[in-house]
Amino acid sequence: MNLFADIRDVILNCLDQLVAEGVLPGGLNTDPITAEPPRDPAHGDMATNAAMVLAKPAAMKPRDIADALAAKLTDDPRITSAEVAGPGFLNLRLAPSVWQGIAGAVLAEGTDFGRGSLGAGRRVNVEYVSANPTGPLHVGHTRGAVFGDALASLLDFAGFDVTREYYINDGGAQVDVLARSVYLRYLEAHGQEVAFPDGTYPGDYLIAVGEALKAKVGDAYLDKGEQFWLEDVRNFATDAMMDLIRADLKSLGVEMDVFYSEKSLYGTGRIEAALEDLKGKGLIYEGVLEPPKGKKPEDWEPREQTLFRSTEHGDDVDRPVMKSDGGWTYFAPDIAYHYDKVQRGFDLLIDVFGADHGGYVKRMKAAVSALSGGKVPLDIKLTQLVKLFKNGEPFKMSKRAGTFVTLRDVVDQVGPDVTRFVMLTRKNDAMLDFDFDKVLEQSRENPVFYVQYAHARVSSVLRKAAEAGMSLDDAALAQADLTLLDHEAEIALLRKIGEWPRLVEIAARTNEPHRVAFYLYELAGEFHGLWNRGNEVPSLRFLQEDNPKATMAKIALARSAAIVIAAGLGILGVTPAQEMR
RNA sequence: GCACCCAUAGCUCAGCUGGAUAGAGCGCUGCCCUCCGAAGGCAGAGGCCUCAGGUUCGAAUCCUGAUGGGUGCGCCA
């Protein structure tokens with residue numbers, strides 16, 4: 001159930017009646033009409049802009065519409081009052097039973113409360129991480145992984161049929177570099193002294209791979225030219241790297257549905273097929289690009305290349321799909337990959353890239369637009385940089401200095417739950433500060449702690465109730481007399497809980513999972529606020545001695561909050577805490 | 001040179017398909033514990049929403065331009 005949608009329907013019905021009665025003209029566009037929580041709770045429980053939105057098209061004064069609408073609305077038993085305010089807002093007050101019913105709905109539906117129908121079963125493919133299989137994941141990948149995973153879960157919760165996908169860049173030159181680097185480690189495993197020239201990967205993580213290669217092939221590749229070992233070592237090494245990456249992802253709790261290999265596109269005619277499709281649309285041609293302005297094009301020489309006319313689909317310049325030496329550019333397999341996604345019948349595609357790939361957004365969108373005939377939207381979300389701090393001091397990340405911070409470093413130090421939550425406390429397109437010390441602080445300043453603490457407090461209440469002999473499962477709590485929850489502070493918490501379905505819809509529509517994190521912080525704030533009121537007002541405490549009926553109702557409320565927190569944390573991929581330590 | 005992202009309180013940031021007096025945390029000021037719910041609570045001060053135009057009944061939100069910061073820009077992925 002979504003209370004805001006329900007009340008909006010009531011408003012629309014009333015408007016229909018007014019049209020039928022001739023008060024309002026017919027044929028009005030009702031799309032802009034909203035039912036939303038008012039900024040100031042003193043204004044009531046819900047506000048609608050209907051009168052203001054309709055005033056102009058209906059050629060009437062907002063107040064006249066508002067007055068007529070108000071009279072109709074109060075016919076509904078759920079709406080106790082409707083007041084015209086400000087420039088023409090209609091502030092509604094709802095019967096307490098409406099809010100009390102929220103707790104009942106949450107207890108009945110459990111963590112499915114708020115599950116939406118926005119997606120309507122449409123199939124969406126969310127591609128994220130997609131790091132090159134040349135080493136362990138670092139902090140930047142971590143943000144992309146957390147963001148993509150939370151977005152996928154959010155869309156699932158909003159009613160989409162979600163596929164989580166990882167594109168393995170195992171077809172380009174960088175995996176040859178990887179193979180050569182592993183070969184050096186292989187020689188090293190055989191006792192040889194080796195140096196790592198520029199353009200190879202010197203990381204320690206390849207030592208074990210070199211040894212594993214030795215264990216597999218013995219001395220078969222010693223003193224042999226590349227032509228003897230390159231392909232085999234490349235496969236061996238990329239498999240090893242993907243195992244490493246999969247393990248990294250697992251430590252964060254990320255599990256992909258599909259790992260899609262770039263290599264599988266080569267030599268199978270699939271790149272050719274995708275480009276043939278574009279060619280058939282007249283979007284492939286031979287031409288020479290202008291040199292980029294600004295940077296000195298010292299080594300620039302005009303060359304004729306095979307180009308994709310991406311400017312036809314909103315890009316700034318056309319993009320090469322074939323190098324002057326006749327090989328594919330990286331863009332060609334990317335086109336083929338997205339062609340494949342379109343062919344697989346997804347209704348919507350989402351790519352999550354790091355900010356350094358911002359330059360590819362337009363061309364990828366152009367490609368998908370062209371390939372799908374504009375039918376399949378591609379949304380590309382960029383995750384901005386993560387700046388690391390330790391004790392408030394910037395923490396520089398450098399491969400050379402050996403302070404290369406990996407996903408594993410972060411997860412080992414602060415745990416997957418904290419990592420995930422903190423990574424989602426910013427919009428994806430803003431930079432994020434990540435302080436190893438602050439994220440572990442236990443204070444209101446730390447949203448992870450604050451939200452977890454709220455959930456743990458509810459668990460604590462339930463434990464204490466159990467000790468007092470009140471064993472209460474959700475089904476039993478649903479039988480509680482919720483009309484006892486009549487205090488303004490209790491209604492305030494119910495009101496916040498009631499916003500959850502609406503929040504899910506907004507977050508899913510905008511592809512912004514960080515909204516869930518902020519909502520949970522607010523919800524936790526309401527809960528802690530109620531808890532604290534219990535210090536001064538004993539009747540607000542959750543456990544009421546010698547009054548099992550009231551206790552039952554209050555626990556039902558607390559449990560409802562905990563269920564929504566658990567559902568929200570579930571979307572973020574964070575485990576709700578039963579107790580704080 | 002061009003493209004994309006960012007700019008909101010002293011600091012770090014929220015702010016819904018445009019809505020009412022722009023919010024939170026931290027910091028600051030002042031109150032509140034002899035135990036039982038203070039790893040806290042209550043209250044207050046603090047704003048030209050970077051700037052200049054425009055659209056609108058109404059703009060932090062949309063459009064145009066400027067300024068400052070970030071990222072990227074053929075034959076790497």
Side-chain angles (χ1 to χ4, degrees), chain A residues 31-34 36-40 42-43 47-49 52-53 55-56 61-62 85-89 91 130-132 134 167 169-175 177 262 288-295 297 299-303 305 307 315-320 322-327 329-331 333-334 354-362 380 382 384-385 425-433 435 438 441-447 449-450 453 457 460-461 499 502-503 505-507 509-510 512 514-515 517-519 521-522 525 528-529 531-536 538 541-543 580:
Chain A
D31 289 346
I33 293 177
T34 59
E36 54 191 10
R39 228 174 251 273
D40 185 346
H43 289 144
T48 178
N49 61 357
M52 282 182 293
V53 173
K56 199 171 187 184
K61 287 181 190 163
F89 275 97
N91 289 326
S130 296
N132 288 344
T134 55
Y167 179 58
N169 286 109
D170 54 3
Q174 78 283 357
V175 284
V177 172
E262 176 193 359
V288 181
L289 286 175
E290 292 287 312
K293 306 242 164 47
K295 84 170 181 186
D299 55 349
W300 175 272
E301 290 174 33
R303 296 222 172 100
Q305 294 172 288
L307 301 171
D315 203 356
D316 306 309
V317 290
D318 292 339
R319 306 290 176 176
M322 196 180 270
K323 300 186 245 181
S324 47
D325 69 3
T329 64
Y330 64 88
F331 188 38
D334 277 354
D356 54 342
H357 285 57
Y360 309 108
V361 171
K362 283 190 177 182
I380 299 184
L382 300 178
Q384 271 291 348
L385 300 179
T425 53
R426 295 296 304 269
K427 302 185 270 228
N428 60 287
D429 46 15
M431 287 199 289
L432 170 78
D433 290 349
D435 191 310
K438 274 192 183 164
E441 259 174 38
Q442 302 205 336
S443 70
R444 175 157 198 176
E445 195 179 350
N446 183 350
F449 168 78
Y450 198 63
Y453 191 28
R457 272 181 157 170
S460 157
V461 166
E499 285 177 26
R502 183 169 177 275
L503 186 281
E505 195 178 314
I506 291 169
R509 196 176 53 226
T510 53
E512 290 179 342
H514 76 274
R515 289 176 192 270
F518 281 96
Y519 168 80
Y521 183 71
E522 289 169 14
H528 289 307
W531 179 286
N532 291 327
R533 289 285 293 276
N535 290 329
E536 301 156 22
R541 298 185 182 184
F542 291 103
L543 300 176
M580 305 307 294

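Given the structure is predicted, the values throughout are model-derived calculations rather than measurements. Order of the sequence lines fixes the chain letters, A, B, ..., with proteins taken first and strands second; residue numbering starts at 1 for each chain. Values below: every heavy atom of this structure, side chains too, minus hydrogens, waters and symmetry copies.
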Q: Check for a donor-acceptor pair, side chain of A/T34 on one end and backbone N or O of A/T48 on the other, with a separation under 3.5 Å.
A: no
(Q) In this structure, which stretches of RNA chain B are paired as stems of three or more consecutive Watson-Crick or G-U pairs, both distances less than 3.5 Å? (A) B:1-7 with B:67-73, B:10-13 with B:23-26, B:28-32 with B:40-44, B:50-54 with B:62-66
Q. Which whole-number value in Å describes the distance from A/R457 CZ to B/G40 P?
A. 10 Å
Q | Pairwise P distance for B/G18 and B/C57, with rounding to whole Å | A | 15 Å
**Q.** A/Y167 or A/V53, whichever maps to the more 5' nucleotide of RNA chain B
**A.** A/V53
**Q.** Nucleotide nearest A/Y453 when distance is taken to its side chain, options B/A39, B/C57, B/C76
**A.** B/A39
Q) Roughly how many Å is it from CD in A/E522 to P in B/C13, rounded to a whole number? A) 18 Å
Q. Under the 3.5 Å rule, do the base of B/A20 and the side chain of A/N91 count as making a donor-acceptor pair?
A. yes
(Q) In this structure, how many angstroms lie between the P atom of B/C13 and the NZ atom of A/K427, rounded? (A) 10 Å
Q.
Which label fits A/F518 and A/H514: parallel for a plane angle under 30°, tilted from 30 to 60°, or perpendicular past 60°?
A. perpendicular
Q: Take the protein atom NE2 of A/H514 and the nucleotide atom C1' of B/U12, then report the distance between them rounded to whole Å.
A: 15 Å
**Q.** Length of the line joining A/L385:CG and B/C5:P, which is rounded to integer Å
**A.** 16 Å
Q.
Between B/A7 and B/C11, how many Å separate the two P atoms, rounded to a whole number?
A. 15 Å
Q) Taking CG from A/D325 and C1' from B/G74, how many angstroms apart are they, rounded to a whole number? A) 13 Å
**Q.** Pairwise C1' distance, B/C4 and B/C42 [rounded to whole Å]
**A.** 46 Å
Q | Gap between atoms CG and C1', on A/N49 and B/U56 respectively (whole Å) | A | 14 Å
Q: Would you mind classifying the nucleic acid contact of A/E262 as base, sugar-phosphate or nothing, using non-hydrogen atoms under 4.0 angstrom?
A: sugar-phosphate
Q: Kindly say whether A/P32 contributes a backbone atom to a donor-acceptor pair with the side chain of A/N49 at under 3.5 angstrom?
A: yes
(Q) I'd like the C1' distance from B/G15 over to B/A60, given in whole Å. (A) 8 Å
Q: Could you tell me whether B/C31 is syn or anti, where syn means a glycosidic angle within 90 degrees of zero?
A: anti
Q.
Check the phosphate of B/C4 against A/K362, side-chain N and O only, distance under 4.0 Å to OP1 or OP2. Yes or no?
A. yes
Q: Considering just the side-chain nitrogens and oxygens of A/R515, establish if one lies under 4.0 Å of OP1 or OP2 belonging to B/G15.
A: yes
Q | Interatomic distance where CZ belongs to A/R509 and P belongs to B/U17 [whole Å] | A | 5 Å
Q. Which pair of heavy atoms, one from A/D315 and one from A/K362, lies closest together, and at what distance?
A. OD1-CB, 3.3 Å
Q: Just call it for A/A47: base, sugar-phosphate, or nothing, with non-hydrogen atoms closer than 4.0 Å on any strand.
A: base
Q | P-based separation of B/A22 from B/G44 [nearest Å] | A | 16 Å
Q | Phosphate OP1/OP2 of B/C16: any A/R502 side-chain N/O under 4.0 Å | A | no
